[in-house]
Every structure is written in C-alpha cells, then in structure tokens.
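I have placed the structure first, in the form of structure tokens, so that the comments after it can refer back to it.
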Amino acid sequence: MLQESVSWQPIIREPSPHFTIYILFLVVVCVATIVRLVRVWVAAPPFRLSRQAKNRDYLRLLQVSANSLSHWIGFTFLAYAILVCASVGSICRAMQDEKLTSWAALLIVIPDFSRALSMALWVVLFVFLVRWHVSGRISRLRD
C-alpha cells in the first residue's frame with residue numbers, strides 16, 4: 001500500500017496597506033524617541049548629568065521629553081487598536097464576499113495580529129525605557 005505524504009506549506013501574502021502604514025508609524029515613533037533621547041544627551045551626555053544640576057531649562061527639557069514619550073506610548077497602543085479594527089473589518093468583508101464561513105479562515109489572520117502586537121510591544125518597550133531614563137534624570141536633578 002502506497003502512502004502519500006501531505007506537506008503543509010504556509011501561505012505567503014503581501015502585507016495589507018493598513019499594516020504597511022502601521023509599520024511606517026512604528027518607525028516614526030522610534031525616530032521621534034531617538035530624537036528626544038539625543039536632545040537630552042546633547043545637553044548632558046550620559047554619566048555627566050552634574051553639568052546641568054542647576055539649569056532650569058534642562059529640567060524643563062526633561063519634563064517635556066518625559067511627557068512627550070508618555071503620549072507616544074499611548075499613541076502606539078491606539079494605532080495598534082485601529083489596525084486591528086480595520087483588519088478585522090476587511091477580513092470579515094472578504095469572508096462574506098467569498099462566502100467563507102469556516103473558522104479555519106481566521107487562522108490566516110492570527111499570525112498577523114500577533115506580529116503587529118509584538119512589534120507594538122517592542123516599540124513601546126523602547127519608548128518606555130527612554131522615558132524611564134529621562135524620568136531618572138529628572139529625579140536625580142531634583143535631589
């Protein structure tokens with residue numbers, strides 16, 4: 001008796017326009033975070049914070065940077081939520097157009113959502129760490 005082996009091959013497809021815009025947004029968030037960090041470090045390089053001990057302008061720069069980074073963190077989560085909503089809507093429309101009712105069709109979407117969430121969490125982790133660094137500088141200057 002001959003047995004035929006069946007191999008499973010993943011479906012390779014282009015990212016949706018929503019996902020492409022989302023990736024560009026995440027790049028913008030990283031660039032904005034790096035710009036904030038560079039501004040903070042130009043005024044007082046790492047491990048040389050004492051140069052700015054009495055400078056009120058530098059303290060204000062740190063406070064504005066920390067506040068801005070908090071907004072970027074929230075904005076990143078909102079962008080992820082918008083991506084998920086837009087993707088679910090377009091997938092549901094496509095399933096209705098193709099008369100698909102199988103829940104297995106959703107298995108195509110789960111890796112996309114997982115990938116988008118992990119990208120968002122990495123970017124938020126980066127922004128959070130920079131914000132933590134800036135907040136630490138603020139507290140050291142106040143002491």
Side-chain angles (χ1 to χ4, degrees), residues 4-143:
E4 235 180 271
S5 65
V6 178
S7 64
W8 182 82
Q9 296 206 350
I11 299 171
I12 299 172
R13 58 191 182 94
E14 277 188 40
S16 69
H18 297 117
F19 193 72
T20 305
I21 292 169
Y22 178 70
I23 291 172
L24 291 174
F25 167 76
L26 292 179
V27 169
V28 167
V29 173
C30 288
V31 168
T33 302
I34 290 169
V35 166
R36 289 286 179 190
L37 184 61
V38 167
R39 282 184 187 167
V40 166
W41 281 356
V42 163
F47 309 112
R48 294 195 183 121
L49 186 58
S50 59
R51 287 181 9 185
Q52 300 289 344
K54 304 291 183 199
N55 188 348
R56 290 229 181 264
D57 290 334
Y58 184 69
L59 181 60
R60 180 72 181 139
L61 171 69
L62 290 174
Q63 290 169 336
V64 167
S65 296
N67 193 27
S68 173
L69 292 169
S70 295
H71 291 295
W72 279 111
I73 289 171
F75 193 29
T76 302
F77 282 125
L78 285 173
Y80 173 72
I82 290 169
L83 171 74
V84 169
C85 290
S87 297
V88 166
S90 65
I91 289 164
C92 289
R93 281 190 297 279
M95 288 175 67
Q96 286 176 340
D97 291 345
E98 296 292 325
K99 306 284 191 253
L100 292 175
T101 56
S102 170
W103 285 98
L106 293 177
L107 292 177
I108 296 170
V109 184
I110 292 172
D112 287 346
F113 290 158
S114 173
R115 192 172 18 258
L117 179 60
S118 67
M119 289 169 54
L121 292 175
W122 280 111
V123 169
V124 166
L125 176 66
F126 173 61
V127 177
F128 179 79
L129 290 174
V130 171
R131 185 183 182 286
W132 192 0
H133 172 72
V134 170
S135 296
R137 282 182 165 227
I138 290 171
S139 65
R140 280 191 298 270
L141 279 179
R142 287 186 177 164
D143 291 343

Problem - With sequence neighbours excluded, residues passing side chain to side chain donor-acceptor pair (under 3.5 Å) with Y58 - result: R137
Fill in the blank from the handout: By ring pair (Phe, Tyr, Trp, His ring centres under 6.0 Å), Y80 pairs with (sequence neighbours left out) none
Exercise for the section: Taking all heavy atoms of V134 and all of S65, pick out the closest pair and write down the distance. Expected result: CG1-CB, 4.2 Å
If you look only at distance, which donor and acceptor atoms sit under 3.5 Å apart when one is on a side chain in residues 114-129 and the other is two or more places apart or in another chain?
| residue | atom | partner | partner atom | Å |
| --- | --- | --- | --- | --- |
| R115 | NH2 | D112 | OD1 | 2.7 |
| S118 | OG | S114 | O | 3.3 |
| S118 | OG | R115 | O | 2.9 |

Practice task
Find out whether F25 and T76 are in side-chain contact, i.e. whether some heavy atom of one side chain is under 4.5 Å from a heavy atom of the other.
Solution key: yes
Exercise for the section: With sequence neighbours excluded, tell me which residues meet side chain to side chain donor-acceptor pair (under 3.5 Å) with S70. Expected result: R131
Exercise for the section: Determine whether more than 12 heavy atoms belonging to other residues, nucleotides or ligands lie under 6.0 Å from atom CZ of F19. Expected result: yes
Problem - Residues in side-chain contact (heavy atoms from CB on, under 4.5 Å) contact with P45, at least two apart in sequence or another chain - result: R48, R51
Practice task
Just jot down the ring pair (Phe, Tyr, Trp, His ring centres under 6.0 Å) partners of F77, sequence neighbours excluded, or say none.
Solution key: none
Problem - L83 side, atom CG; L26 side, atom CG - distance, nearest 0.5 Å - result: 9.0 Å
Practice task
Please round to the nearest 0.5 Å and tell me the distance separating atom CD1 of I138 and atom CZ of R60.
Solution key: 10.0 Å
Completion exercise
One should read off an interatomic distance between N67 CG and S135 OG, to the nearest 0.5 angstrom, of 10.0 Å
Show me, pair by pair, the donor-acceptor contacts under 3.5 angstrom made by side chains of residues 31-42, not counting sequence neighbours?
| residue | atom | partner | partner atom | Å |
| --- | --- | --- | --- | --- |
| T33 | OG1 | V29 | O | 2.8 |
| R36 | NE | S68 | OG | 3.4 |
| R36 | NH2 | S68 | OG | 3.4 |
| W41 | NE1 | H133 | NE2 | 2.9 |

